[in-house]
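Below you'll find the structure, written out as structure tokens, and then a few comments.
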2 protein chains.
Amino acid sequence: MQHYQDQDHFLVALDCIIFGFDGEELKLLLIKRDFEPERGNWSLMGGFLQKKESLDTAAGRILNNLTGIKDIFLEQLHAFGEVNRDPEERTISIAYYALIDVNSHDKELVKQHSASWFSIHDLPELIFDHQQMVEAALKRLRHKAAHEPVGFELLPDKFTLPQLQKLYESIYNTDLDKRNFRRRVLSMGVLVNTKEKQKNYSKKGAFLYKFDEDEYSKKLDNGDSTVFKPIKN
Amino acid sequence: MQHYQDQDHFLVALDCIIFGFDGEELKLLLIKRDFEPERGNWSLMGGFLQKKESLDTAAGRILNNLTGIKDIFLEQLHAFGEVNRDPEERTISIAYYALIDVNSHDKELVKQHSASWFSIHDLPELIFDHQQMVEAALKRLRHKAAHEPVGFELLPDKFTLPQLQKLYESIYNTDLDKRNFRRRVLSMGVLVNTKEKQKNYSKKGAFLYKFDEDEYSKKLDNGDSTVFKPIKN
DNA sequence: GCAAAAGTGTTAGAACTACACCCATGC
DNA sequence: GCATGGGTGTAGTTCTAACACTTTTGC
């Protein structure tokens with residue numbers, strides 16, 4: 001009935017929606033495209049799948065090309081396959097989204113790609129269906145951050161509770177009550193107070209916390225599905 | 001930097017995880033593969049992407065080939081792209097999952113494909129990475145059914161509350177309290193009692209309800225995010 | 001009349017929301 | 001000493017979970 005050799009073959013691309021947080025706002029890393037079509041326009045970082053790499057590997061490679069970092073949160077979002085989404089040639093694009101600490105990337109590489117960070121609320125026009133990809137990624141991030149502790153991926157190893165709250169406020173574009181927020185994140189029992197204080201931002205200084213990954217997975221293994229309670233809703 | 005013409009091209013396949021509910025158990029529709037490799041083994045229904053169709057269209061075509069039905073719940077799940085997932089030739093497979101009323105499909109077509117329904121808790125060995133796809137689909141269904149009213153897709157147009165409860169119980173493989181379940185689904189205000197009674201199953205008979213799609217989307221439009229409250233958790 | 005499934009309320013505990021003041025420090 | 005951001009507790013309300021009996025009807 002079906003024969004492999006008779007079938008059409010396709011270009012397969014990977015596009016990365018790269019989220020970052022600068023302490024104030026949720027941001028997106030975009031590049032200025034340096035090849036046709038759409039040369040010079042803003043675009044997600046992308047690249048083509050190669051014969052001997054898996055999708056996840058390829059997405060990691062592409063992300064690494066731009067940021068110089070490895071081992072970061074990177075998750076498949078959705079495959080986009082409208083017939084004319086790329087006018088040059090039919091291309092199936094598999095979108096991934098990444099969460100990075102905005103200060104951990106290689107500034108040189110970013111400069112080479114003429115990339116820069118944009119506020120999520122003030123994006124330039126994007127090529128092809130990249131706008132749609134960004135919207136889907138934001139939706140996913142909002143959902144994910146409400147149910148699993150991924151927020152930490154966007155912060156440095158040690159962070160303060162006011163920082164964490166600002167992050168959530170910018171993800172959901174809303175204000176949260178300080179006391180309720182603290183009570184909630186602390187009640188999960190996966191944040192540890194390092195007793196160090198960060199003093200550059202405020203006069204009083206705020207305690208630095210770490211996310212206790214081991215404790216979190218231990219709780220998950222124990223079937224404790226209430227470790228992380230929705231922050232929104 | 002990147003040139004379309006130098007890039008590798010790939011086979012792109014679509015595989016459908018087809019869920020059904022027979023009133024007792026959650027089921028999966030599988031086919032006996034009639035071509036090499038793995039001829040004669042159990043497999044998800046699949047097919048190759050063609051040049052002039054989008055991913056969603058192709059998935060719908062493939063589903064229609066097996067069941068004869070259109071316009072049903074069909075959603076992209078995940079793209080699977082391990083290098084050796086198909087030993088015959090490198091293939092990127094984009095998995096979709098479908099929810100259908102188990103009695104609405106074309107029995108002839110199903111017979112032609114030597115397809116049959118299996119209990120989700122008693123599946124045969126599947127080819128390639130199809131096992132993994134099924135697990136991902138089940139996880140997604142559980143998540144989705146807890147947050148959005150998709151359960152109805154697996155039932156006839158009119159259904160009774162005991163049926164609906166059985167469905168949820170089989171999706172989550174657990175028992176639910178009858179009174180709490182009813183209170184909850186009715187409190188969403190998206191089920192309407194048709195006042196008809198279904199009398200074939202029990203002596204007393206149970207009222208048939210319909211899902212009020214208009215009312216649901218009206219509530220969503222009004223920003224009422226509490227229309228559908230998680231059934232589990 | 002009895003077996004089998006449908007239908008119905010209440011209560012205690014937990015979680016959620018809203019809200020206002022003191023603390024520590026740098027200038 | 002004052003301005004700035006960090007930190008803390010309570011009370012009313014809502015939501016959740018646990019629980020048992022009556023109703024209808026076919027046989």
Side-chain angles (χ1 to χ4, degrees), chain A residues 22-25 146-147 155-156 158-170 172 174-210 219 223-233, chain B residues 22-25 146-147 155-156 158-170 172 174-189 191-210 223-233:
Chain A
D22 66 356
E24 288 299 322
E25 270 194 317
H147 296 279
L155 293 172
K158 297 175 183 176
F159 51 86
T160 67
L161 294 186
Q163 273 181 301
L164 187 62
Q165 183 176 347
K166 268 238 173 80
L167 169 59
Y168 275 92
E169 289 177 335
S170 77
Y172 296 105
T174 188
D175 287 336
L176 299 171
D177 180 89
K178 192 165 37 159
R179 283 168 291 190
N180 293 340
F181 180 81
R182 293 177 149 255
R183 187 185 11 261
R184 182 166 261 190
V185 297
L186 290 176
S187 76
M188 297 165 195
V190 294
L191 294 186
V192 294
N193 188 336
T194 66
K195 300 288 164 68
E196 298 165 65
K197 277 205 165 184
Q198 187 197 58
K199 308 211 51 161
N200 32 343
Y201 184 59
S202 76
K203 290 161 188 161
K204 182 175 178 180
F207 282 114
L208 287 162
Y209 285 78
K210 277 196 310 192
K219 294 197 183 201
D224 185 352
S225 69
T226 67
V227 192
F228 202 81
K229 308 165 198 169
I231 298 276
K232 278 285 288 187
N233 292 335
Chain B
D22 65 357
E24 288 299 321
E25 269 193 317
H147 296 279
L155 294 172
K158 297 177 183 176
F159 51 87
T160 68
L161 294 186
Q163 273 182 301
L164 186 63
Q165 183 175 347
K166 269 239 173 77
L167 168 59
Y168 274 91
E169 288 176 334
S170 76
Y172 296 105
T174 189
D175 287 337
L176 298 172
D177 180 90
K178 192 169 32 162
R179 283 167 288 189
N180 292 339
F181 180 81
R182 291 177 151 256
R183 181 177 27 252
R184 183 165 261 190
V185 297
L186 290 176
S187 75
M188 297 166 194
L191 294 187
V192 294
N193 188 336
T194 67
K195 299 288 165 68
E196 298 166 65
K197 277 207 167 185
Q198 187 197 56
K199 307 213 51 160
N200 32 343
Y201 183 59
S202 77
K203 290 160 188 163
K204 183 175 179 182
F207 282 113
L208 287 161
Y209 285 78
K210 277 197 308 189
D224 185 352
S225 68
T226 67
V227 192
F228 201 83
K229 308 167 197 170
I231 298 277
K232 278 284 289 186
N233 292 334

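Each chain gets a letter, A, B and so on, in the order the sequences are listed, and its residues count up from 1. These values consider heavy atoms only, across backbone and side chains, with no hydrogens, waters or symmetry-generated copies.
The nearest whole Å value for the distance from the CZ atom in B:R184 to the P atom in C:dG7 is 20 Å. Across the protein-nucleic acid pair, B:L186 atom CG and C:dA6 atom P stand 14 Å apart, rounded to whole Å. Rounding to whole angstrom units, CG of residue B:L208 and C1' of C:dA6 are separated by 13 Å. Summarising the geometry, the separation between CZ on B:R182 and C1' on D:dT23 is reported as 13 Å, rounded to the nearest angstrom. If you measure from atom OH of B:Y201 to atom P of C:dA3, you get 18 Å, rounded to the nearest angstrom. If you measure from atom CD of B:Q163 to atom P of C:dG7, you get 11 Å, rounded to the nearest angstrom. As a whole-Å value, the separation of A:M188 CE from C:dA15 P is 12 Å. Across the protein-nucleic acid pair, A:Y209 atom OH and D:dG6 atom C1' stand 10 Å apart, rounded to whole Å.
By the salt bridge (Lys or Arg N to Asp or Glu O under 4.0 Å) test, B:D22 pairs with B:K27, sequence neighbours left out.
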Sugar-phosphate or base contact per nucleotide [nucleotides 18-25 of chain C; S, B, -; heavy atom under 4.0 Å]: BBB--BBB

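Between A:K197 and A:G205 the shortest heavy-atom distance is NZ-O, 3.7 Å. Residues A:L208 and A:N193 share a closest heavy-atom pair of O-OD1, 3.7 Å. Counting all heavy atoms, side chain and backbone alike, B:K166 lies closest to B:Y201 at NZ-OH, 3.3 Å. The two residues A:D177 and A:Q165 have their closest heavy-atom pair at C-NE2, 4.0 Å.
Surrounding NZ of B:K210 are at most 12 heavy atoms belonging to other residues, nucleotides or ligands under 6.0 Å away.
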